[in-house]
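Here is how names work: the chains are called A, B, and so on, in the same order as the sequence lines, proteins then strands, and each is numbered from 1. On a predicted model such as this, the values are computed, not experimentally measured, just so you know.
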2 protein chains.
Amino acid sequence: MPHAADSGRPTMRDVAREAGVSQSLVSIIFRGAPGASDATRRRVQEVADRLGYVRDESARSLRSARSTNIGVVFQTRQPFHSEMLDGLYTATVGMPNRLILSAVSEARDEAVAIRDLVSYRCGALVLLGPRMPEEELIELGGTIPVVSVARRCPSAGVDWVVSDDAQGMGLALDHLVRLGHRHITFLSAPVSPGGREREHAFQDAAETRGLTDEVIIARGGMTEAEGVEAAERILSLPELPSAVIAFNDRCALGVLDVLVRAGVDVPGEVSLIGFDDSQIASRKPILLTSVRQDPMSLARFAAERAVQRMSPEGPASEPRGTILPVTLTIRATTGPAAG
Amino acid sequence: MPHAADSGRPTMRDVAREAGVSQSLVSIIFRGAPGASDATRRRVQEVADRLGYVRDESARSLRSARSTNIGVVFQTRQPFHSEMLDGLYTATVGMPNRLILSAVSEARDEAVAIRDLVSYRCGALVLLGPRMPEEELIELGGTIPVVSVARRCPSAGVDWVVSDDAQGMGLALDHLVRLGHRHITFLSAPVSPGGREREHAFQDAAETRGLTDEVIIARGGMTEAEGVEAAERILSLPELPSAVIAFNDRCALGVLDVLVRAGVDVPGEVSLIGFDDSQIASRKPILLTSVRQDPMSLARFAAERAVQRMSPEGPASEPRGTILPVTLTIRATTGPAAG
DNA sequence: CTGAAAGCGCTTACAG
DNA sequence: CTGAAAGCGCTTACAG
């Protein structure tokens, strides 16, 4: 009387029967475990393909002693998150670990996204730019291995990987100073993940270079719209800064749009630098000079660390925080200071 | 000797023991099935929350007679897909159906993305702008209920939902004609999902309005970069068209960037219309006139149809294709024809 | 390699 | 409501 879960999908049992082997052997083959000859592997694989067999992930995951799934929380509408997703998929090609995605969007907050991943037996979580309070992040890290990407976490229980904002700011400022700029405005986004760090990095870098009095920190943001507003405020000033560093590329794009339309020559009158070096930065005719955070490296690191933490042999205690180097991609929005 | 799957996560059994009820009852409560008083529901829920219980989705999904999971294939780097993801999450709030995401990216093709969803026991698939050959799409539809979004499929075995391109083109052309435009260029993207339909819609709409001789179909594309190239070709012509309709907003943005920088007055010299009315279209200072495809409506329809097809009582045969109406959002890139 | 077995955490009927 | 039971499709050890 029980059920009729019969979706018609073939099971391992079907493959085994059809190939004339035991079900255990099929399992061995699909897990890539030792215990089958190459010839048998090929034959069974062929039968499976012919039947259209797809291993049931729910059953595998339920029965497995260790979970090897990596849960990924990302935000829709964040192009940089999309690039990191690409990187995560690339980084896990050929690995037995599967990526389980969970999006944060208007109708779905981070807590729900995380709970969903837990319910799918993820062995570790990769959180892209998590926005939850720090206490919650730390608490979560006590439950399950967590890798926070693009946000630091001062706890021994949470791994994190960020780009080197201090280095990035140094590169940006050195580039500008070399071009003769001194009146430089940084458009900050203190409420975003990693926003405070980037602001401090700017302050420190300016100080080190003796620019403290000539430098301004102004309200920016992490979206194009906020960049637009910031640019409008800048245009209303009695004097334009000679260079602007934006919190990220999206903000820089908003600024650029407004400046170009206002007839401001970029970089003739104002130089502009973004952060991320996202796909759009390299696009003609934008050609934005930008501090390059490599989404691929961030993703690869996050995936590797997640896998390490899941495995029993993994390093249980090791530096939890990692800072990846950045580079400056110089394009067409920076040039010699006017005058 | 079996395993040590003990992740420490509490199970239904733990909740039952702690709450002093049977495991069956906890299951009833978590499924929202009848058979428990409100008071008991509250009490058990409290215990579950206290223990940090999260229902195991692998087990639920494995044991359930019918799968209610909706698998979603989307493309990273497609902002419109992100908007539809938001819509899908919004549309499924409060429904028992869960969304399982699977991305198509550089390192991961559509076939792999789909296979992954099958392995997670999805009861139906929602494919955003599928790019596979039509035969494969039809074959897939024979295996599992499929809803193709933004691409038609002439088969009784596949549901699809698209925006009304014919209506959209009509709205766009009427708007332009009313403003006095006759020399109108359409930037096409024939290889993209739904690309051919949109091109035909333009041709038909132009014909209906007696514009056949004054209208041009040129190479466009679905990315900003292709829009940039198209705009550069347009600028090299002896005479500018009086209006341009782009395949989508991304293409239109590339065009707009180039025109603005070339000192072309938009809409003074050239009017510009996009398709999608994506978030970025409404952004200052872009303010792109665009044919509005509502991602929310597309998503809601896709989710509802997927649920219908999964349920045994669902309409087994009904119109499979649905065309949703569009609107024209008029902003700042369209104006009276010059002269 | 085979074969029989246990069991992951649930859902699902069923008798009380 | 309870309680005992079967079983989803796998993984995992174990004796042969």
Side-chain angles (χ1 to χ4, degrees), chain A residues 1-17 19-44 48 51 53-69 96 98 118-123, chain B residues 1-17 19-44 48 51 53-69 96 98 118-123:
Chain A
M1 17 252 88
H3 40 113
D6 239 328
S7 68
R9 255 179 74 193
T11 68
M12 268 192 184
R13 194 177 306 275
D14 297 324
V15 175
R17 194 187 309 114
V21 298
S22 68
Q23 198 245 44
S24 318
L25 224 219
V26 180
S27 173
I28 282 170
I29 290 170
F30 270 86
R31 278 178 289 138
S37 67
D38 281 2
T40 313
R41 283 181 202 275
R42 266 194 303 277
R43 193 164 54 82
V44 169
L51 295 182
Y53 173 73
V54 178
R55 182 167 56 161
D56 191 308
E57 192 55 30
S58 300
R60 188 197 69 74
S61 159
L62 176 60
R63 191 56 182 82
S64 295
R66 306 194 296 107
S67 170
T68 56
N69 294 329
R98 303 174 64 129
V118 170
S119 80
Y120 277 104
R121 311 199 132 230
C122 291
Chain B
M1 345 271 87
H3 38 113
D6 239 330
S7 67
R9 255 179 76 193
T11 70
M12 268 194 184
R13 194 177 304 276
D14 298 323
V15 175
R17 193 187 310 115
V21 299
S22 69
Q23 199 246 44
S24 320
L25 223 218
V26 179
S27 173
I28 283 171
I29 290 170
F30 269 87
R31 278 178 289 139
S37 66
D38 281 2
T40 313
R41 282 182 203 275
R42 265 194 303 278
R43 193 163 55 83
V44 170
L51 296 181
Y53 172 73
V54 178
R55 181 167 57 162
D56 191 308
E57 191 55 30
S58 301
R60 188 196 69 74
S61 160
L62 176 60
R63 190 55 184 80
S64 295
R66 307 192 298 106
S67 171
T68 57
N69 294 330
R98 303 174 65 127
V118 170
S119 81
Y120 278 104
R121 313 197 131 232
C122 291

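- Side chain of A/Met12, nearest nucleotide from C/dT11, D/dC8, D/dC10: D/dC10.
- Smallest separation of non-hydrogen atoms from B/Arg43 and B/Val21: NH2-CG1, 3.8 Å.
- Residues A/Pro96 and A/Thr68 share a closest heavy-atom pair of O-OG1, 4.1 Å.
- Mapped onto DNA chain D by nearest heavy atom, B/Gly35 and A/Val26 fall at different nucleotides, with B/Gly35 at the one closer to the 5' end.
- Distance CZ (A/Arg9) to C1' (D/dG9): 9 Å, rounded to an integer number of Å.
- At C/dG9, none of the side-chain N or O atoms of B/Thr11 fall inside 4.0 Å of OP1 or OP2 (strictly under the cut-off).
- The CG atom of A/Leu62 sits 13 Å away from the C1' atom of D/dT12 (whole-angstrom rounding).
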For nucleotides 3-5 of chain C, list the nitrogen or oxygen atoms of the protein found under 3.5 Å from its nitrogen or oxygen atoms, one pair per line.
{"unit_1": "C/dA4", "atom_1": "N6", "unit_2": "A/Ser24", "atom_2": "OG", "d": "3.1"}

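- In this structure, B/Arg31 reaches the bases: a heavy-atom distance under 4.0 Å links it to at least one base atom across the strands shown.
- Considering every non-hydrogen atom in both A/Ala19 and A/Val44, the closest pair reads CB-CG2, 4.2 Å.
- With hydrogens and angles disregarded, no donor-acceptor distance shorter than 3.5 Å links the side chain of A/Ser58 to the backbone of B/Leu62.
- For D/dT11, the OP1/OP2 oxygens have a side-chain nitrogen or oxygen of A/Arg55 closer than 4.0 Å.
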Side-chain donor-acceptor pairs under 3.5 Å in residues 22-31 of chain A, sequence neighbours left out?
{"unit_1": "A/Ser22", "atom_1": "OG", "unit_2": "A/Leu25", "atom_2": "N", "d": "3.2"}
{"unit_1": "A/Ser27", "atom_1": "OG", "unit_2": "A/Arg31", "atom_2": "NE", "d": "2.9"}
{"unit_1": "A/Ser27", "atom_1": "OG", "unit_2": "A/Arg31", "atom_2": "NH2", "d": "3.1"}
{"unit_1": "A/Arg31", "atom_1": "NE", "unit_2": "A/Ser27", "atom_2": "O", "d": "3.3"}

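- Residue whose closest nucleotide on DNA chain D sits further toward the 5' end, between B/Gly20 and B/Ala59: B/Gly20.
- As rounded to whole Å, 12 Å separates atom P of C/dC10 from atom CZ of B/Arg98.
- Rounded to whole angstrom, the span from the CG atom of A/Leu25 across to the P atom of D/dG9 amounts to 20 Å.
- Scanning DNA chain C for stems, defined as runs of 3 or more consecutive Watson-Crick or G-U wobble pairs whose donor-acceptor distances all fall under 3.5 Å, gives the following ranges: C:1-3 with D:14-16, C:5-12 with D:5-12, C:14-16 with D:1-3.
- Taking B/Arg98 as the reference, A/Asp116, B/Glu57 meet the salt bridge (Lys or Arg N to Asp or Glu O under 4.0 Å) condition, with sequence neighbours excluded.
- Taking atom CD of residue A/Glu57 and atom C1' of nucleotide D/dC10, one finds them 10 Å apart after rounding to whole Å.
- Using a 4.0 Å heavy-atom distance criterion, B/Ala33 is classed as making no nucleic acid contact.
- Applying the salt bridge (Lys or Arg N to Asp or Glu O under 4.0 Å) criterion to B/Arg17, with sequence neighbours excluded, gives B/Asp14.
- Donor-acceptor pairing under 3.5 Å, judged by distance alone, is absent between the side chain of B/Arg63 and the base of C/dG9.
- Note: CD1 (A/Ile29) to C1' (D/dT12) measures 16 Å, nearest angstrom.
- In this structure a side-chain-to-backbone donor-acceptor pair under 3.5 Å is missing from A/Ser64 to A/Arg66.
- For B/Asp56 and D/dC8, the CG to C1' distance is 13 Å, given to the nearest whole Å.
- Atom CZ of B/Arg60 is separated from atom C1' of C/dC8 by 16 Å (rounded to the nearest Å).
- Between B/Tyr120 and D/dG9 there is no side-chain N or O to OP1 or OP2 distance below 4.0 Å.
- Formation of a donor-acceptor pair under 3.5 Å by the A/Arg9 side chain with backbone atoms of A/Tyr53 is not found in this model.
- Closest of all the heavy-atom pairs between B/Tyr120 and B/Asn69 is O-ND2, 3.7 Å.
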